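Encoded as structure tokens, the structure appears first; notes follow it.
The model shown is predicted, which means the values in this text are computed figures rather than measured ones.
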Amino acid sequence: MMDQQGKVNRRAVVLGVGMAAAAATAGFALRAGAGEPIRLRSRQTSYSFEGMQTHGLYSLQDAAPPPVLRMRQGVPVEIEVTNGVDEHTTMHWHGIRLPNAMDGVPYLTQFPIAPGERFRYAFTPPDAGTYWYHPHCMTMRQMAYGLTGLLIVEEQDDPGFDADIPLNLKDFRLDAAGRLLPYFTPRGAARGGTFGNLQTTNWQLNPRYDLPAGSLVRLRIAATDNTRVYRLMLPDIAGRVIAWDGHPLRDAIALPTAADPLWLSPGQRVDIAVQMPDTEGREVTLAAVLGPTPKPLATLRAIGPSQGRDLAEIAPLPRNPVSEPDLSTAERRSLVFGWSPDGAGQNNGFCGNSAYTFWSIDRQPWPGDAVSGTGAVATLSLGKTYIFKLQNESPNNHPIHLHGLALLPLRSNKRTLRQNWTDTILLMKGETVEVAFKADNPGDWAFHCHVIEHQKTGLAGYIHIG
């Protein structure tokens with residue numbers, strides 16, 4: 001790889017090595033560009049987890065996890081989704097501030113995509129950062145059985161990393177022979193959720209990334225599991241957190257350690273810049289506190305001579321064009337998240353009915369995606385600033401996700417909140433959190449818990465901005 005003077009560009013060589021390692025270990029990537037749409041087709045497939053063949057998984061590739069989608073900030077993109085399974089589906093682009101009609105929520109923003117049909121999503125990503133995608137119809141099954149993938153919106157200017165590694169954290173629930181177990185249990189749904197028993201990163205068990213010694217690496221970590229809250233740790237390496245839920249930090253977050261792990265709930269993402277060790281063969285492990293001993297999620301191994309890079313070479317990421325809320329004129333609203341006052345089921349139409357209702361917003365459970373006449377949990381005026389008081393009256397954690405907008409955490413009755421933009425905020429048991437936002441994106445925006453069993457058993461609704 002030569003520069004304009006014909007000299008070898010060392011950083012380009014290192015980047016090529018790093019990206020080759022990423023492709024080998026982080027899965028296939030599709031890049032938007034040249035005016036052609038990204039074409040995706042959902043399907044059921046098989047995959048081998050450490051020698052155990054598992055059938056009935058959902059993906060967008062054969063015998064492989066869903067691809068990483070890459071696009072560029074401010075550049076229009078089209079994504080054509082063909083439904084190749086025998087049930088309805090949609091696709092939601094989690095965290096992207098896009099037009100309401102492109103949000104992929106069945107009955108709210110589009111009709112579900114029938115088997116054999118296709119839908120073309122078109123939007124221009126306004127924000128750089130790490131996002132992800134997943135179905136919003138037949139959500140529990142299709143997500144639990146694999147259909148979650150990372151979506152990366154690259155900055156307009158290259159920030160200067162030698163490698164960019166996406167890490168998709170996801171459980172699977174398998175028996176001893178590798179067969180899929182039921183993804184839903186009533187007992188789990190009425191509590192913290194039904195947990196998987198196989199923790200994977202990019203559908204692998206503790207994958208190893210061979211990366212140039214002394215290089216600068218961007219780790220993009222996403223929790224796409226239906227249920228699990230990860231407490232991450234990345235000890236023994238020089239690094240810093242640079243982005244949270246897609247957006248550059250406003251408020252510093254410490255590098256996660258065993259003594260001070262970073263909580264990452266379903267739907268959330270974190271970007272970490274790391275400087276690889278200078279010594280060849282040295283390994284560093286990203287792990288999660290899941291029990292009495294840390295669970296390794298991915299291992300970074302330094303190879304070759306040191307590249308001699310330093311974290312100081314990476315400038316702060318440019319801020320995204322999110323509208324600042326005007327707190328002096330903000331209108332306040334309150335919402336309560338908790339159990340349901342009744343046990344009736346839900347009508348989700350082509351997206352799968354639920355026999356159970358356990359959860360509610362303002363003590364009103366979501367009656368189902370296909371129930372007509374269901375009102376918004378809040379009706380807001382376009383362009384106004386709002387402060388939402390979110391009260392969790394249950395003993396369980398709820399990652400609350402708002403589509404189409406970015407939230408700014410303000411305060412909590414239980415902890416000090418970092419004031420970084422987010423689209424998914426974890427409400428701890430018994431916690432009350434205030435968040436602010438400017439209602440600058442018109443439409444009907446889904447608002448729900450991202451423990452998917454909670455969402456599908458009542459803890460869901462939408463806000464209307466118009």
field: Side chains of Leu300 and Val217 in contact at under 4.5 Å (non-hydrogen atoms)
entry: no

- prompt: Does any pair with a residue in residues 253-264 pass salt bridge (Lys or Arg N to Asp or Glu O under 4.0 Å), and if so which ones, sequence neighbours excluded?
  reply: none

- prompt: Cut-off 3.5 Å, side chains only: do Thr299 and Asn206 have a donor facing an acceptor?
  reply: yes

query: Would you say the ring centroid of His398 lies under 6.0 angstrom from that of His450?
result: no

field: Minimum heavy-atom distance Pro399-Leu426, with the two atoms named
entry: N-CD1, 3.9 Å

task: Classify the angle between the aromatic ring planes of Phe337 and Phe447 as parallel (below 30°), tilted (30 to 60°) or perpendicular (above 60°).
output: perpendicular

field: Any donor-acceptor pair under 3.5 Å from Ser394 side chain to Asn396 backbone
entry: yes

message: Any donor-acceptor pair under 3.5 Å linking the side-chain atoms of Thr45 with those of Gln61?
response: no

query: Would you call Glu324 and Lys438 a salt bridge, taking side-chain N to carboxylate O under 4.0 Å as the test?
result: no

Candidate pair Thr194 and Thr185, rule side-chain hydrogen bond (donor to acceptor under 3.5 Å, both in side chains), full reasoning: CA-CA 6 Å; Thr194 302; Thr185 64; 2.9 Å; yes

field: Plane angle bin for Phe172 and Phe49 - parallel if under 30°, tilted between 30 and 60°, otherwise perpendicular
entry: tilted

message: Would you say that His94 contacts Thr424 through its side chain, given a criterion of any heavy-atom pair below 4.5 Å between the two side chains?
response: yes

task: Kindly check if the number of other-residue, nucleotide or ligand heavy atoms within 6.0 Å of CG (Asn353) is above 12?
output: yes

query: Hey, does Ile221 have a side-chain heavy atom less than 4.5 Å from the side chain of Leu286?
result: yes

- prompt: If only atom types and distance count, is the side chain of Asn420 paired as donor or acceptor with the main-chain N or O of His247 below 3.5 Å?
  reply: no

Close side-chain approach of Val153 to Ile96, heavy-atom, < 4.5 Å: yes

task: Rounded to the nearest 0.5 Å, what's the gap from CG on Leu408 to CH2 on Trp421? Could you check?
output: 4.5 Å

field: Stepwise ring pair (Phe, Tyr, Trp, His ring centres under 6.0 Å) check, Tyr121 with Phe119
entry: CA-CA 6 Å; Tyr121 298 90; Phe119 188 94; 4.6 Å; yes

- prompt: If you draw a 6.0 Å radius around CZ in Arg187, do more than 12 non-hydrogen atoms from other residues or ligands fall strictly inside?
  reply: no

field: Nearest non-hydrogen partners of Ile425 and Val435, listed with the distance
entry: CD1-CG1, 3.9 Å

- prompt: Are more than 12 heavy atoms from other residues, nucleotides or ligands located less than 6.0 Å from atom CZ of Arg120?
  reply: yes

- request: Look up atom CD1 in Ile400 and atom CG in Leu459, then write down how far apart they are to the nearest 0.5 Å.
  value: 5.0 Å

field: Pair Asp362 + Arg333: basic N to acidic O under 4.0 Å
entry: no

N/O donor-acceptor pair under 3.5 Å between Thr224 side chain and Thr148 backbone: no

task: Report the distance from atom NE2 of His134 to atom CE of Met143, rounding to the nearest 0.5 Å.
output: 5.0 Å

- prompt: With no hydrogens and no angle check, is any side-chain donor or acceptor of Asn202 less than 3.5 Å from a backbone partner on Pro166?
  reply: yes

- prompt: Where do Pro67 and Leu40 come nearest, in terms of heavy atoms and distance?
  reply: CG-CD2, 4.3 Å

message: Restricting to non-hydrogen atoms, name the atom on Thr457 and the atom on Ser354 that form the minimum distance, rounded to 0.1 Å.
response: CG2-OG, 3.9 Å

- prompt: Taking C-beta and beyond as the side chain, do Thr89 and Gln142 meet within less than 4.5 Å on heavy atoms?
  reply: yes

field: Side chain proximity check, Leu180 to His55, heavy atoms < 4.5 angstrom
entry: no

- prompt: Do Trp263 and Ser265 touch side chain to side chain, with heavy atoms closer than 4.5 Å?
  reply: no

query: Where the side chain of Asn348 meets the backbone of Asp369, is there a donor-acceptor pair that is under 3.5 Å apart?
result: yes

Residues Lys429 and Glu431 bridged, charged N to O under 4.0 Å: no

query: Atom CZ in Arg43, atom CG in Leu60: separation rounded to 0.5 Å?
result: 7.0 Å

task: Say whether, by atom type as modelled, one donor and one acceptor occur between the side chain of Thr227 and the main chain of Gly193 under 3.5 angstrom.
output: no

- prompt: Are a donor atom and an acceptor atom from the side chains of His92 and Asp103 found within less than 3.5 Å of each other?
  reply: yes

message: Rounded at 0.5 Å granularity, tell me how far CG in Asp175 sits from CG in Leu181.
response: 5.0 Å

field: SB check Glu434 Arg332 (cutoff 4.0 Å)
entry: yes

query: Between Tyr356 and Glu453, does any side-chain donor sit less than 3.5 Å from a side-chain acceptor?
result: no

- prompt: Looking just at side-chain N and O atoms, do Asp326 and Thr385 make a donor-acceptor pair shorter than 3.5 Å?
  reply: no

Flag, side chain of Thr90 to backbone of Pro106, donor-acceptor distance under 3.5 Å: no

- prompt: Between Trp339 and Phe358, does the ring centre distance come in under 6.0 Å?
  reply: no

task: Considering only NZ, NE, NH1 and NH2 on the basic side and carboxylate oxygens on the acidic side, decide whether Arg39 and Glu78 come within less than 4.0 Å.
output: no

- request: Among Arg72, Arg319, Arg218, find the residue that satisfies the salt bridge (charged side-chain N to carboxylate O under 4.0 Å, His left out) test when tested with Glu155.
  value: Arg218

query: Are any non-hydrogen side-chain atoms of Ile272 and Pro256 less than 4.5 angstrom apart?
result: yes

From Arg250, Arg269, Arg97, Arg220, residue fulfilling salt bridge (charged side-chain N to carboxylate O under 4.0 Å, His left out) relative to Asp245: Arg269

Close aromatic pair by centroid cut-off 6.0 Å: His403 and His448: yes

- request: For the pair Asn320 (side chain) and Ala128 (backbone), establish whether a donor and an acceptor sit closer than 3.5 Å, ignoring hydrogens and angles.
  value: yes

message: For Lys456, is there any backbone N or O sitting under 3.5 Å from a side-chain donor or acceptor partner on Trp366?
response: no

- prompt: Okay, side chain of Asn197, backbone of Leu174: is any donor-acceptor separation there less than 3.5 Å?
  reply: yes

message: Is it the case that the ring center of Tyr131 lies less than 6.0 angstrom away from the ring center of Trp93?
response: no

field: Thr109 and Asn100: side chain donor to acceptor below 3.5 Å
entry: no

- request: Mind telling me whether His454 and Trp359 have parallel, tilted or perpendicular rings, with 30° and 60° as the class edges?
  value: tilted

- request: Can you see which heavy atom on Thr201 is nearest to which on Leu297, and at what distance?
  value: OG1-O, 2.8 Å

statement: Tightest non-hydrogen contact, residues Leu150 and Thr130, listed as CD2-CG2, 4.3 Å

